[in-house]
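Each remark here refers to the structure printed beneath this line.
Note that the coordinates shown come from a computational prediction; the quantities given were computed from them, not determined experimentally.
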There are 2 protein chains.
Amino acid sequence: MGTTQLETVPEPKYWHLKTVLSEALDSEFTVGEILPNERDLAARFGVARATLRQALEQLELEGRLQRRRGVGTTVAPPRVGVAVGAEQHAWPGAAGDVWQPVDCTLEVPPAAVAAALETGEQPVHTVRRSRTTHGQPVAAELLYIAASSVPELSAIDAPSGAARARAVLRELQRLELEGQENAVELGSARADDAKELDRLPGAPVLVVTTRYISDGHTAALSVATYRADTCRLTFGDPGGVEIHHDPERRAS
Amino acid sequence: MGTTQLETVPEPKYWHLKTVLSEALDSEFTVGEILPNERDLAARFGVARATLRQALEQLELEGRLQRRRGVGTTVAPPRVGVAVGAEQHAWPGAAGDVWQPVDCTLEVPPAAVAAALETGEQPVHTVRRSRTTHGQPVAAELLYIAASSVPELSAIDAPSGAARARAVLRELQRLELEGQENAVELGSARADDAKELDRLPGAPVLVVTTRYISDGHTAALSVATYRADTCRLTFGDPGGVEIHHDPERRAS
DNA sequence: TAGTGGTCTAGACCACGAC
DNA sequence: TCGTGGTCTAGACCACTAA
């Protein structure tokens, strides 16, 4: 990474910079290694710090770098593959579920959720769960369950907490699951999700929305927020071998 | 959107700004409507243009806005749902495939692709396809097919072009498809993909990687690049119940 | 306390699209 | 040609982490 000059090219500086840095990451750095700080890097390439940051931001978006305030910029490990929608015909909380219940309250959900659950202004069971891989938090979930889906629940004691979450999920298993519908889209982390995922608010996340269908209606709705920088979501037939694909450097 | 002041709060200005703008979009703007330009907006909120842009960038990332140089910033329509991995047990190019062949060449693929296909330094059939919804381009694909997977192809005339692409895909159907493996991750658009998707290079994309497995090996590898701003990827088993997704915006 | 990345400013010029 | 968003600069200060 000894290069100092940037030729005058029609392409943006930060783009060129990103390419140069990307190649340097491949050839001169190892996973976990810490990079020079932004001010030094900017000076070395003869650009303003903001321009250097634009390149770093893209590399972080692609999962190549990890930046932490007060610490520095490090080379990120390859993204981890996490299976979603694998338990294609099981309710959340069924045996083998990788999610860990955290809390459960009774709340009036956002309008879009209420519309899907057809619950109007009624409060619904709102279960918070988290998911970790290799000890690292990778996803936070909000699971909305219509009160009518778990009618036997009123007898249960705990008004909230993980115990209640487990109780609600246990009741859910009694229903017959007809099918589920999944969707993935790009989003940015809300403040609470960001905290749980150990990221700053606004960090890019992959939002997986799952609709659990029973008796022709949406009995439960899951909104799971995965760290986009560290995760590769896998779905469908679990074949066997795992490949890592780099989303940017696949050019010739 | 007449507000002019921003209180002194511990949260970043751009974050607050984003919230204010988001609410204004819901209540005071309609899809396709054009916003005031960045300089005016920044002045109206009493912030520097760069700060205003930080807020706009996030809203664009979330699919709420669309910005085009030389034109302006408009309110984006809700994301369109596009099905991926739906033809769970069919080769690309099979009947009903939504992809449109564009070109086909014989090239040495990137190292990661070569590793998956186990082709070493050998060139592979590289099919370029595109996908549109409602007349808009939503995805660009590079489909790599090991030469050994379509051995009967040498007799075919066209050395490249859409005709050859169709020929290669036709040959592919002769193999028995054992299964496929899907993954989705966040990436940024390469220059060529960006052009086809009508975006700037570096724009956020959802990269869907599909491995087609035959005879215990990876016979073909698809790398599909979807516009992250306009697409919501749907996958999995609809359970026979086809539910029309409500156009209502997801809660945040 | 020192050093890091995160936020913010007030400018400037450029590339592109529409007129 | 004009207005738009895109890029870039050279600073400043803040929030956080670790020593």
Could you pull out all donor-acceptor pairs under 3.5 Å where a side-chain atom in residues 69-76 of chain B meets a protein atom, sequence neighbours excluded?
residue : atom : partner : partner atom : Å
B/Thr74 : OG1  : B/Gln66 : O            : 3.4

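- Put simply, B/Asn37 has no side-chain N or O that comes within less than 4.0 Å of OP1 or OP2 on D/dG3.
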Could you list the protein-to-nucleotides 16-19 of chain D atom pairs, N/O on both sides, closer than 3.5 Å?
none

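- Listed in residue order, the members of residues 48-56 of chain B having a heavy atom less than 4.0 Å from DNA chain D are B/Arg49, B/Arg53.
- Between the CG atom of B/Leu59 and the C1' atom of D/dG5 there is a distance of 16 Å, rounded to whole Å.
- Each of B/Trp15 and A/Gly72 lies near DNA chain C, and the nucleotide nearest A/Gly72 is the one positioned closer to the 5' end.
- Salt-bridge formation is not detected for the pair B/Arg227/A/Glu185: no Lys NZ or Arg NE/NH1/NH2 atom is positioned less than 4.0 Å from an Asp or Glu carboxylate oxygen.
- When the C1' atom of D/dG5 is taken as reference, atom CG of B/Asp40 falls 13 Å away, rounded to whole Å.
- Considering CG of A/Asn182 and OG1 of A/Thr210, their distance stands at 4.0 Å, rounded to 0.5 Å.
- Checking the phosphate oxygens (OP1, OP2) of D/dG5, a side-chain nitrogen or oxygen of B/Thr73 falls inside 4.0 Å.
- Looking at heavy atoms from C-beta onward, A/Leu197 lies in side-chain contact with A/Thr225 at the 4.5 angstrom threshold.
- The CD1-C1' distance, from B/Ile34 to D/dT4, rounds to 8 Å in whole Å.
- Applying the side-chain hydrogen bond (donor to acceptor under 3.5 Å, both in side chains) test to B/Glu23 and every residue at least two apart in sequence or in another chain returns nothing.
- A rotation axis mapping the C1' atoms of four pairs onto the next four is fitted at both ends of the helix from C/dT1-D/dA18 to C/dA18-D/dT1 over five pairs, and the angle between these axes is 10° to 10 degrees.
- Of all nucleotides in DNA chain C having an atom under 4.0 Å from a heavy atom of chain A, the first and last in 5' to 3' order are C/dG3 to C/dT7.
- Scanning for side-chain hydrogen bond (donor to acceptor under 3.5 Å, both in side chains) contacts around A/Gln54 gives an empty result, with sequence neighbours left out.
- For the salt bridge (Lys or Arg N to Asp or Glu O under 4.0 Å) test, residues two or more places apart in sequence or in another chain that qualify with B/Glu38 are B/Arg49, B/Arg53, B/Arg67.
- Under 4.0 Å is where a charged nitrogen must lie from a carboxylate oxygen, and between A/Arg79 and A/Asp229 no such pair does.
- Qualifying salt bridge (Lys or Arg N to Asp or Glu O under 4.0 Å) partners for A/Asp193, counting only residues two or more places apart in sequence or in other chains: A/Arg190.
- Partners of A/Asp103 under the side chain to side chain contact (heavy atoms under 4.5 Å, CB included) rule, at least two apart in sequence or in another chain, are A/Thr105, A/Arg128, A/Ser160.
- In this structure, B/Arg64 pairs ionically with B/Asp26, as a charged nitrogen and a carboxylate oxygen lie closer than 4.0 Å.
- For B/Arg129, the side-chain hydrogen bond (donor to acceptor under 3.5 Å, both in side chains) partners at least two apart in sequence or on another chain are B/Asp97, B/Glu141.
- Every residue was checked against the side-chain hydrogen bond (donor to acceptor under 3.5 Å, both in side chains) condition with B/Thr126, not counting sequence neighbours, and none meets it.
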